[in-house]
Number of protein chains: 2
Amino acid sequence: MSDVAALAGVHKATASRALNPSTSGLVNAATARRVRTAAEQLGFTPNSAARSLRTNRSFTVGVLLPDLTNPLFPPVARGIEEVLNARGYTALLANTDNDEAKERTQFEALRGRQVDGFIIATAQRVHPLLDEAYESGVPIVLVNRCTDKRLFPWVAGDDATGMALAVEHLLGLGHRSIAHVAGPQSMSTGVTRVRAFRHAVETAGIAPERAPVVVSESYTAPAGERATHELLEKHPDTTAICAGNDLIALGALHALKARGLRCPQDISLVGFNDMQFADEFQPPLTTVRVPHLDLGAEAARLLLERLDRYEEKGHPAPMSKTVFLPVRLVVRASTAAPPPHGA
Amino acid sequence: MSDVAALAGVHKATASRALNPSTSGLVNAATARRVRTAAEQLGFTPNSAARSLRTNRSFTVGVLLPDLTNPLFPPVARGIEEVLNARGYTALLANTDNDEAKERTQFEALRGRQVDGFIIATAQRVHPLLDEAYESGVPIVLVNRCTDKRLFPWVAGDDATGMALAVEHLLGLGHRSIAHVAGPQSMSTGVTRVRAFRHAVETAGIAPERAPVVVSESYTAPAGERATHELLEKHPDTTAICAGNDLIALGALHALKARGLRCPQDISLVGFNDMQFADEFQPPLTTVRVPHLDLGAEAARLLLERLDRYEEKGHPAPMSKTVFLPVRLVVRASTAAPPPHGA
DNA sequence: AGCATGAATGCAATCGGTTGCAGCAATCGT
DNA sequence: ACGATTGCTGCAACCGATTGCATTCATGCT
C-alpha cells in the first residue's frame with residue numbers, strides 16, 4: 001500500500017514492483033530492499049482482492065469433493081493442497097454430498113470468487129454442469145472419476161489393472177465362482193471396474209453365469225450391504241466377492257455376518273482403494289491400493305500446467321490428457337482358498 | 001456489470017442496487033425485475049473481488065484443521081460448511097498437519113485473501129500465533145481445543161462429563177485398576193481429560209497409584225500403541241484403559257494384540273470421540289460420542305454472530321463465550337467385566 | 001398555483017494494487 | 001561531444017462493484 005511506499009520514500013507503483021517477485025527486477029536492488037524492510041515494519045499484507053481485480057487471477061483453485069467423510073478423499077485433498085501451496089496457490093475445498101443442486105451452488109459460488117480453475121472429483125458419466133463449464137472455458141481437471149465425453153484432463157488409478165489383480169488373486173486361491181458387487185453405473189469408476197471384472201473372468205475361462213455382477217446404488221456401506229444380500233439370494237454358491245470399493249466391501253462384510261457366513265472361510269472378499277482403516281476391519285481387508293495422495297498431487301500439477309499455458313498463450317490448448325497411476329494388490333485376511341466343495 | 005445495466009437500460013449503479021437484496025428496496029420493483037432478467041440472460045456473476053475491495057467483506061471464512069485424515073474433523077468441517085453456506089458464506093479449509101510453521105503460512109495466506117474470520121481447530125495451550133491474532137482483532141472462534149488464555153469463543157464437547165461416564169461405566173463393570181492413556185498435554189483436550197479422569201477415580205475412592213496416567217505424544221494410533229506398551233510395562237495389573245481419543249484407543253488395541261492380551265476379556269478399553277469406523281474395529285470400540293457435526297455448526301453460528309455484531313457496531317464486543325455440547329457413552333464390545341482375580 | 005416531500009435514478013468517487021507509457025539521468029558508442 | 005540506449009522511477013488509468021450525494025420527476029398539501 002501507499003503507506004509502505006511513503007515510508008520507503010518511493011511511489012506506490014515502485015513499491016508494488018519491488019514487492020512482486022516477477023517485477024522486482026525492474027527496480028534498483030537497493031530501493032527494493034528499502035521497500036521490503038518498510039513493508040516488514042508495517043506488517044504489510046497485500047490485498048488480494050485488489051490484485052485479483054486488476055490481474056484477473058486469484059491464485060485460488062476450487063476443489064469439488066463428493067463427500068469428505070469418505071476416507072478416500074482427504075488424502076486426495078492433501079495431495080492437491082501440497083502441490084498448490086508450493087506454487088503459492090490456495091485450494092478452496094467444497095463438499096457436494098453427491099447432490100447435483102448443491103454441487104451447482106458450490107460451483108457458482110467458487111466461480112464468483114474468481115477461482116483460476118477447478119479440480120473436480122464429483123464427475124458423473126453424464127454431467128450437464130461440466131458440459132456447460134467446458135463451454136465457458138474454465139480450466140478444469142478431473143480426478144478419480146470422469147465423464148463419458150472426454151472433455152477434460154483426468155487423473156485416476158489404473159482401475160482395469162487393479163481389478164485384474166484382484167481377480168487373478170482369487171483365481172490363484174482356487175475360486176471359480178466370483179461375483180462383483182459393483183459401484184453405481186452412473187460413474188465412470190463403476191463401469192470401468194465392471195468391464196475389467198468381466199474381462200478378467202472371461203480371460204480365465206469362467207462362464208459368465210458363474211461370475212455375476214450386482215450393482216450397489218451408491219459407494220456406501222449400507223448400499224453395499226443391500227447389494228450383497230441381493231447377490232447371495234440369487235447366487236448362494238458364490239465363494240468370492242470383488243467389491244466396487246472398500247465401503248461397499250465393508251457393507252458386504254456386514255451382510256456376510258448377518259447371514260452367518262464367515263469371511264474368509266466361507267466367502268473371500270476383495271475391496272478397492274485401500275482406504276484408511278481398511279486394515280482395521282474384521283477381518284482386515286484384502287484390497288487394491290490406489291495412491292490417493294499422488295492422485296491429488298498429479299491432478300494439481302496438471303491444472304497448474306494448464307494455468308501456466310493459459311497465461312502464456314492466452315488461449316487454452318485443447319488438452320485432455322489422461323493419467324493412470326499404478327495400483328497394487330494388498331493381501332490381508334479377507335481372502336483365502338474356497339471351502340472344500342459341498343462342505 | 002455495465003452490460004447488464006445497458007441491456008436493462010439503466011445506470012450500473014441502479015443495476016447494482018437491483019441485484020443486491022439489501023438495497024433492492026431502493027429501486028422500482030419493475031426496474032428491478034428488468035435488471036434481474038437481463039442479468040439472467042447474460043449469465044451475469046458478480047465479481048466478488050471487486051465487491052470485497054469496496055466493501056471490505058469477502059463472505060469467506062478460513063477454517064484451520066490440524067489433520068483432515070483424522071476422521072474427527074471431516075464432520076466438523078461439514079457442520080461448519082452447512083451453517084456458513086446457508087448464510088452465503090464460503091468456508092476455506094486448510095490443513096496444518098499439526099505443524100506450526102505450516103499453520104502460520106496458511107493463516108497469512110488466508111488473511112491475505114481477506115477472509116472475514118476464522119474457525120480454528122488447531123489451538124495449542126500456548127499459541128503465539130493466536131495471541132498475535134487476538135491483538136490484530138480478527139474475528140476468531142475456536143473449536144474442539146482451546147488455548148490457556150481464554151481469548152476467544154470456544155465450542156467443544158463436554159469432555160469432563162464424557163470422561164466421567166467412561167470411568168463410571170468401567171467401575172460399574174467391576175474394574176478397580178483403571179489407567180488413562182492420555183493425549184498430548186500441550187493441548188487443552190489432553191489436560192481436561194486427564195483432570196476429569198483423576199477426579200472420577202478419586203471420587204470413586206480408587207487410590208491414585210491404581211489409576212496411572214501415561215501420556216501419548218500425539219493423537220495417533222502409533223503413538224497410542226507406544227504409550228500403551230509403556231503403561232503395561234509399568235502397570236501389568238491394569239484391567240481397563242481409558243484412551244485419550246479413538247486413535248489412541250486403536251493403537252492400544254494393537255499393543256494389546258502384540259502382547260497377547262485379549263480385549264475385552266483381559267483388558268477393557270474405552271475410546272473418546274466415537275469417530276467414524278470406531279464401530280468396525282476389532283472389537284468394536286466402546287467410546288464417548290461427541291457430536292462433531294454440531295460442534296462445527298455451533299462454531300460457525302458463533303462466528304456469524306460475531307461478524308454480524310462487528311458489522312453493526314463497528315467494534316467487536318469482547319466476547320469469549322464457551323459452549324459445551326453434551327456427549328454420551330456408546331457401549332460396544334471393547335468393555336467387559338475384569339478377569340477373575342489371579343486368573 | 002406554488003412549494004414541499006419523497007421516490008427513483010444518475011453521477012462520480014472510491015477500494016488497493018498493477019501496468020503501459022513517459023520522463024529523466026547515467027552510460028555507451030562513434 | 002552529441003545522440004542513442006539503458007535503467008529506474010513516477011504518473012495515471014484501470015479492474016468492477018458499491019455508495020453518498022445530487023438530480024429529476026411526480027405527487028401531496030395548503
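Lettering follows sequence order; numbering is per chain, from 1. Because the structure is a prediction, the values reported are computed rather than measured.
Put simply, CG on Asn20(A) is 16 Å from P on dT9(D), counting in whole angstrom units.
Each side chain to side chain donor-acceptor pair (under 3.5 Å) pair with one or both residues in residues 21-41 of chain A, not counting sequence neighbours, appears once here: Asn20(A)-Ser22(A).
When the ring-ring contact (aromatic ring centres under 6.0 Å, His included) test is applied to Phe73(A), no partner is found at least two apart in sequence or on another chain. In this view, Arg301(A) and Glu298(A) satisfy the salt bridge (Lys or Arg N to Asp or Glu O under 4.0 Å) rule, not counting sequence neighbours. By the side-chain contact (heavy atoms from CB on, under 4.5 Å) test, Thr105(A) pairs with no residue at all, sequence neighbours left out. With sequence neighbours excluded, no residue forms a salt bridge (Lys or Arg N to Asp or Glu O under 4.0 Å) with Arg54(A). Evaluation of the side-chain contact (heavy atoms from CB on, under 4.5 Å) rule for Ala77(A) yields Leu65(A), Leu93(A), Leu68(B) as partners, not counting sequence neighbours. For Ala94(A), the side-chain contact (heavy atoms from CB on, under 4.5 Å) criterion is met by Leu64(A), Gln106(A), Leu110(A), Glu81(B), not counting sequence neighbours. Listed by chain and number, the residues in a salt bridge (Lys or Arg N to Asp or Glu O under 4.0 Å) with Asp294(A) amount to none (sequence neighbours excluded). For Tyr219(B), there are no ring-ring contact (aromatic ring centres under 6.0 Å, His included) partners two or more places apart in sequence or in a different chain.
Comparing Thr23(B) and Gly9(A) by the nucleotide of DNA chain D whose heavy atom lies nearest to each, the residue mapping closer to the 5' end is Gly9(A).
Here His11(A) does not reach the OP1 or OP2 of dT9(D): none of its side-chain N or O atoms lies under 4.0 Å away.
Within the 4.0 angstrom heavy-atom criterion, base atoms lie near Leu26(A). When heavy atoms are screened at a 4.0 angstrom cut-off, Thr31(B) is found touching the sugar-phosphate backbone but no base atom.
The aromatic rings of Phe324(B) and Trp154(B) stand perpendicular to each other, their planes meeting at an angle above 60°, with 30° marking the opposite boundary.
Geometrically, Arg150(B) does not engage Phe152(B) in a cation-pi contact defined by less than 6.0 Å to the ring centre and at most 45° from the axis.
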Please produce a list of atom pairs where a protein N or O lies less than 3.5 Å from an N or O of nucleotides 20-27 of chain D.
from: dG20(D); atom 1: O6; to: Arg17(B); atom 2: NH1; distance (Å): 3.4

Kindly give the atom pairs (protein nitrogen or oxygen, nucleotide nitrogen or oxygen) under 3.5 Å for nucleotides 13-17 of chain D.
from: dC14(D); atom 1: O2; to: Arg54(A); atom 2: NH1; distance (Å): 2.8
from: dG16(D); atom 1: N2; to: Ala50(B); atom 2: O; distance (Å): 3.4
from: dA17(D); atom 1: OP1; to: Asn47(B); atom 2: N; distance (Å): 3.3
from: dA17(D); atom 1: OP2; to: Met1(B); atom 2: N; distance (Å): 3.1

Might you list the N or O atoms of the protein lying below 3.5 Å from N or O atoms in nucleotides 24-27 of chain C, with each pair's distance?
none

